[in-house]
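Ligands are counted one by one from 1 in listed order, and the atoms in each one are counted from 1 as well.
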Amino acid sequence: MQFARADFPEGFLFGVATSSYQIEGHRFGGAGLTHWDSFAATPGNVVRAEHGAVACDHYHRWAEDLDLIAAMGADVYRFSTSWARVLPEGTGQPNAEGLDFYDRLVDGMLARGLKPAATLYHWELPQALADMGGWRNADMPDWFADYTHLVMSRIGDRVWSAAPINEPWCVSWLSHFEGVHAPGLRDIRAAARAMHHVLLSHGRSIAVMRDLGMQNLGAVCNFEWAEPASDSPEDIAAANRYDAIYNRFFLGGLFKGAYPAEVLAGLGPHLPKGWEDDFPTIMAPLDWLGLNYYTRKLVRHKDGPWPSYAEAPTRLPLTQMGWEIYPDGLRDFLIRTARDYTGALPLFVTENGMANPDRVDQPDAARIAYLGSHLQAVQGAIATGAPVAGYFAWSLMDNYEWSLGYEKRFGLIHVDFETLARTPKASYHALAQWWRG
Ligand code: FCB
């Protein structure tokens, strides 16, 4: 597979993505405790109880990392700022060293000709706010607005784009209903409140950034294509519920000012009072939407309380995560999102990639094939008229893959977690060739 820039529309942007807790090293620079630190310290939550104290030590090695991004020929770098790094207690006294770090980082990108694409929240909630209920607490939108103001007063004049929250589904459902991510709750009421507060916090944050005069603001959602495991009406309804919770709830809130009936059937009684009145804030106009896409799920009906579904066995080759490789889902999401929700609004693939048991001495051919087939899916969507404006590979380098620790390697660059040495993989060189072509 070969690509060149000319195979994509003029001005199409290519980039790589990372996030703060996954790479920076949270024990450095005066950052406060986060709910991922306490989640990881609780046995059984994270593989080998691994955490982000050192991670890739990007906090000290950021210049080398930016050099590697620039050397690939990337146009844009999607990074995130850590709330606990700039506000160790979540509110109150800022940590000057943390703000200085992001200031230097943004200047470092600009100096290398990279467009900084900032995300304000990629999951490391300050522990002090988690202690007060975190995303369940109705004060979260206020706290998040204040945090937005602090960070963007400092770097908002130089970032190319900004998004408030990475992947509302993971922040709320995965973390409060399925218990897989911090804070590890399995509680329908907590999930309902978190899902709504995440969207309301998003809207408040957009308003703060508009007031600061910022432009090019967006949202980043993760989507999973859901298909019924059989033609039975029960399985079809189960796949629709899965799709509604995972995908259409957030799109519906952001772009239609309504939540899907299939979700309200379960979560309705648990949403915070007056939730219907929050849509004018949630629907603050955006300049783009980012889609993170990795896989598809086959879904079947399961007897029992709402949401009454289960995942069915997959049929296609899997990545190291056990995720089915299904590039058509990316094409179909781009087309469906534009058709049903966003119209002419520019769409970006803000994350896409695969984990693979890479070794530093072996070419990661499987990743090159994965990235190539998904870039073809993007081309397929563009061919039907979907306004796709850019593509970011996840991830720049191997990093802390949350509850799966350091074992799942998503990087274009290999990281030796003993020496922290970076070694570009074959996929890094392939993308560099495509992006320069
Ligand atoms: C996404 C996350 C990212 C990483 C990839 C594999 O859901 O945004 O941090 O974990 O999955």
Side-chain angles (χ1 to χ4, degrees), residues 15-26 34-36 39-40 45-47 50-52 55-56 58 77-83 117-125 163-178 180-182 184 198 202 218-226 245-247 250 289-297 318-326 329-330 333 348-358 364 366-367 370-371 374 391-413 415 427:
V16 291
T18 65
S19 90
S20 45
Y21 191 81
Q22 293 180 276
I23 63 167
E24 285 175 0
H26 238 263
T34 80
H35 70 169
W36 266 96
F39 184 73
N45 285 341
V46 176
V47 173
E50 287 169 348
H51 48 71
C56 306
H58 175 72
Y77 171 41
R78 179 171 175 254
F79 70 108
S80 75
T81 55
S82 160
W83 192 337
T119 304
L120 280 155
Y121 184 77
H122 199 127
W123 308 354
E124 56 288 296
L125 187 70
I165 294 167
N166 180 66
E167 302 189 345
W169 179 88
C170 288
V171 175
S172 53
W173 184 264
L174 185 68
S175 311
H176 295 80
F177 191 88
E178 296 189 6
V180 174
H181 278 190
V198 163
H202 157 90
V220 174
C221 296
N222 58 317
F223 296 125
E224 222 173 69
W225 197 253
I245 294 167
Y246 206 119
N247 308 310
F250 302 101
L289 175 71
L291 293 83
N292 294 353
Y293 178 82
Y294 292 93
T295 191
R296 150 181 99 157
K297 289 279 158 57
L318 308 178
T319 71
Q320 191 191 16
M321 298 290 275
W323 293 348
E324 197 180 59
I325 300 175
Y326 187 69
L330 176 56
F333 260 126
F348 288 87
V349 178
T350 31
E351 284 182 26
N352 176 239
M354 75 179 286
N356 199 47
D358 298 319
D364 55 337
R367 182 171 292 103
Y370 180 101
L371 295 170
H374 286 77
Y391 173 94
F392 295 75
W394 181 272
S395 182
L396 171 67
M397 56 187 161
D398 297 336
N399 59 45
Y400 180 63
E401 181 44 38
W402 307 111
S403 45
L404 299 170
Y406 291 95
E407 201 177 73
K408 305 290 186 232
R409 293 181 176 273
F410 270 94
L412 303 170
I413 296 172
V415 176
S427 57

>> E407: which residues meet the salt bridge (Lys or Arg N to Asp or Glu O under 4.0 Å) condition with it, sequence neighbours left out?
In response: R48
>> My understanding is that only residues two or more places apart in sequence, or in another chain, count here; which of them pass side-chain contact (heavy atoms from CB on, under 4.5 Å) with P164?
In response: F144, H202, S205, I206, M209
>> For ligand 1, give me the residues whose heavy-atom distance to it is below 4.0 Å, by chain and number please.
In response: Q22, H122, W123, N166, E167, Y294, E351, W394, E401, W402, F410
> Got a sec, which residues hit side-chain contact (heavy atoms from CB on, under 4.5 Å) with E224, two or more places apart in sequence or on another chain?
Replying inline: Y242, Y246, T295, K297
>> Which label fits F39 and W36: parallel for a plane angle under 30°, tilted from 30 to 60°, or perpendicular past 60°?
In response: perpendicular
> Taking the six-membered ring for Trp, is the centroid-to-centroid distance between F348 and Y391 below 6.0 Å?
Replying inline: no
> Are side-chain N/O atoms of W83 and E124 paired as donor and acceptor at under 3.5 Å?
Replying inline: no
